[in-house]
Amino acid sequence: MSSVTPTLKKSYKSPWTLKAFNALPGNPVSIGILFTVVLLMVFFAGRLLAVAGSDSAPNDLRVAVTQILMTTYSASAYAYLLISTQKTTRELLSAVNKITKYEFFVDQAGKHPWWLLPLLGASAYLLIGVPLTHATTPHPTDPWAWQSWSYDVFWHRLTTVFFVWWMSCFFYVIVVESARLSRISNKLQSPDLLNLDPYRPLVRQGLINALLVIGMASVLSLLGVESRYFAVLVGFWIMSILLAWIGMMLPLRGVRRMINEAKSRELQWCKESLNRSRDSMKSGSDHKPTIAEVTAYQNVIENIRNWPFDSPTLIRFTLYLLIPLGSWLGGALVERGLDFILS
């Protein structure tokens with residue numbers, strides 16, 4: 001690792017999206033909200049002025065607005081993820097053993113090869129965005145006959161490029177950064193089984209990963225009222241649940257291994273202490289600790305979870321998974337309500 005690290009460091013750069021968010025005042029959430037408002041204002045202002053806007057179908061408007069939301073959310077979630085992983089890495093830095101081959105993973109948190117993410121985004125559009133456009137365009141319309149595009153459809157094509165680009169980078173980064181945190185956690189100090197609070201940053205990062213993924217699925221679920229998108233949504237929901245689970249558990253893999261090893265050592269000590277206490281009791285000598293004390297401690301160790309989180313964390317993660325369903329149902333209810341009012 002040490003022989004290639006200097007070369008790799010030169011290619012690892014902060015993504016341009018992160019640089020843009022860092023250059024603006026505020027946090028990624030406030031910047032994302034402002035980005036959404038501005039983009040929607042531009043869209044609706046252009047729609048009022050565009051002659052072509054008059055021949056757009058109502059469902060085209062709905063899809064255009066949803067894809068604008070997807071675009072701004074994917075960019076903001078991507079930047080938020082990078083900033084969050086950098087913060088988590090800094091919080092863990094004091095607990096990492098100073099081993100040269102692992103310093104690379106610490107120093108490069110939130111950074112990636114400058115050429116990889118653009119290549120990934122472009123490839124994702126060609127492999128996912130283009131087939132998705134074909135699959136969701138009503139037959140026999142040619143999705144690339146730009147002369148026939150309405151104003152809303154023009155925004156469909158434009159936003160598809162950007163949200164597929166940012167979404168693919170987001171999915172890549174969530175796996176890579178989680179794996180990086182897992183490698184770092186392999187070198188954390190041996191855990192105190194009675195106090196796992198030092199590893200809370202990893203649990204928090206796992207929940208952030210899961211929430212960001214589920215949030216993206218929730219925004220996309222607004223398209224659930226369109227039957228042509230239903231098959232796409234089902235596949236995306238399944239992928240989101242899998243990715244949310246990976247984002248939750250992967251950063252904790254190294255800590256889980258250390259907890260298992262620490263529990264094995266403590267349980268082995270309990271076994272040896274019980275044997276000594278039993279022999280002392282039989283011989284009539286006064287030996288500490290007593291069998292009752294060792295047994296009580298053994299029960300405490302056995303009840304410690306192998307993962308460094310508690311039941312409320314699992315409940316929160318489960319509730320996160322239900323958010324897209326609520327988004328889909330909410331969108332359907334609003335659609336029914338508007339149809340009822342306008343009919």
Side-chain angles (χ1 to χ4, degrees), residues 32 36 39-40 43 56-78 80-81 120-121 123-139 141 143 150 152-175 208-248 317-339:
T36 302
L39 204 57
L40 287 174
F43 168 74
S56 293
N59 57 344
D60 286 339
L61 173 60
R62 184 188 305 114
V63 172
V65 171
T66 302
Q67 291 197 184
I68 288 174
L69 296 178
M70 278 295 299
T71 300
T72 56
Y73 180 87
S74 58
S76 303
Y78 177 41
Y80 190 96
L81 174 64
L120 179 66
S123 301
Y125 176 72
L126 294 176
L127 297 176
I128 299 175
V130 172
L132 182 64
T133 300
H134 276 283
T136 55
T137 300
H139 186 75
T141 304
S150 66
D152 293 342
V153 172
F154 167 77
W155 276 80
H156 294 179
R157 303 295 177 262
L158 178 64
T159 53
T160 298
V161 175
F162 287 101
F163 89 71
V164 170
W165 184 299
W166 272 314
M167 185 172 59
S168 62
C169 292
F170 170 79
F171 287 162
Y172 167 80
V173 166
I174 204 170
V175 174
I208 289 174
N209 292 347
L211 183 59
L212 291 176
V213 173
I214 296 303
M216 189 169 294
S218 300
V219 177
L220 194 63
S221 296
L222 295 175
L223 293 175
V225 295
E226 297 287 339
S227 59
R228 54 180 166 152
Y229 286 95
F230 188 74
V232 175
L233 285 178
V234 171
F236 193 83
W237 287 339
I238 295 173
M239 183 183 67
S240 296
I241 292 173
L242 177 61
L243 190 62
W245 182 257
I246 292 174
M248 177 69 189
F317 175 79
T318 303
L319 292 176
Y320 286 170
L321 299 180
L322 298 178
I323 295 176
L325 179 60
S327 176
W328 175 60
L329 292 175
L333 290 175
V334 170
E335 180 73 11
R336 293 287 183 88
L338 290 175
D339 288 343

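We count residues from 1, following the sequence as given.
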Item to check | side chain to side chain contact (heavy atoms under 4.5 Å, CB included) between Y229 and L222, intermediate numbers included | outcome: CA-CA 10 Å; Y229 286 95; L222 295 175; over 6 Å; no
Item to check | Residue of the set T160, D152, T72 for which side-chain hydrogen bond (donor to acceptor under 3.5 Å, both in side chains) holds with Q67 | outcome: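 Of the listed options, the one satisfying the test is T160.
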Which distance, rounded to the nearest 0.5 Å, do you find between the [atom1] of [X] and the [atom2] of [Y]?
X: I68; Y: T36; atom1: CD1; atom2: OG1; value: 9.5 Å
X: I214; Y: Y320; atom1: CD1; atom2: OH; value: 10.5 Å
X: L220; Y: F163; atom1: CG; atom2: CZ; value: 6.5 Å
X: M216; Y: L243; atom1: CE; atom2: CG; value: 9.0 Å
X: T66; Y: L223; atom1: OG1; atom2: CG; value: 4.5 Å
X: Y172; Y: Y78; atom1: OH; atom2: OH; value: 9.5 Å

So which heavy atom on [X] is nearest to which on [Y], and how close?
X: A244; Y: A210; answer: O-CB, 3.9 Å
X: V130; Y: L126; answer: CB-O, 3.7 Å
X: G247; Y: N209; answer: O-ND2, 3.0 Å
X: P143; Y: T137; answer: CB-OG1, 3.4 Å
X: D60; Y: S150; answer: OD2-OG, 4.3 Å
X: S221; Y: W237; answer: OG-NE1, 2.8 Å

Checklist entry - What do the steps show when you test T159 against M70 for side chain to side chain contact (heavy atoms under 4.5 Å, CB included), and what is the final call? => result CA-CA 8 Å; T159 53; M70 278 295 299; over 6 Å; no
Are there over 12 heavy-atom neighbours, none belonging to [X], within less than 6.0 Å of that residue's [atom1]?
X: F236; atom1: CZ; result: yes
X: F162; atom1: CZ; result: no
X: Y125; atom1: OH; result: yes

For [X], what residues pass the side chain to side chain donor-acceptor pair (under 3.5 Å) criterion, not counting sequence neighbours?
X: T71; answer: none
X: S74; answer: none
X: W155; answer: Y151

Checklist entry - Just by modelled atom types, is the V63 backbone N or O under 3.5 Å from a matching donor or acceptor in the H156 side chain? => result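 Checking the backbone N and O of V63 against the side chain of H156, no donor-acceptor pair under 3.5 Å is found.
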Item to check | is_close_aromatic(W245, F317), centroid dist under 6.0 Å | outcome: yes
Checklist entry - So, do I128 and S168 sit near enough that their side-chain heavy atoms are less than 4.5 Å apart? => result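 A side-chain contact under 4.5 Å is absent here.
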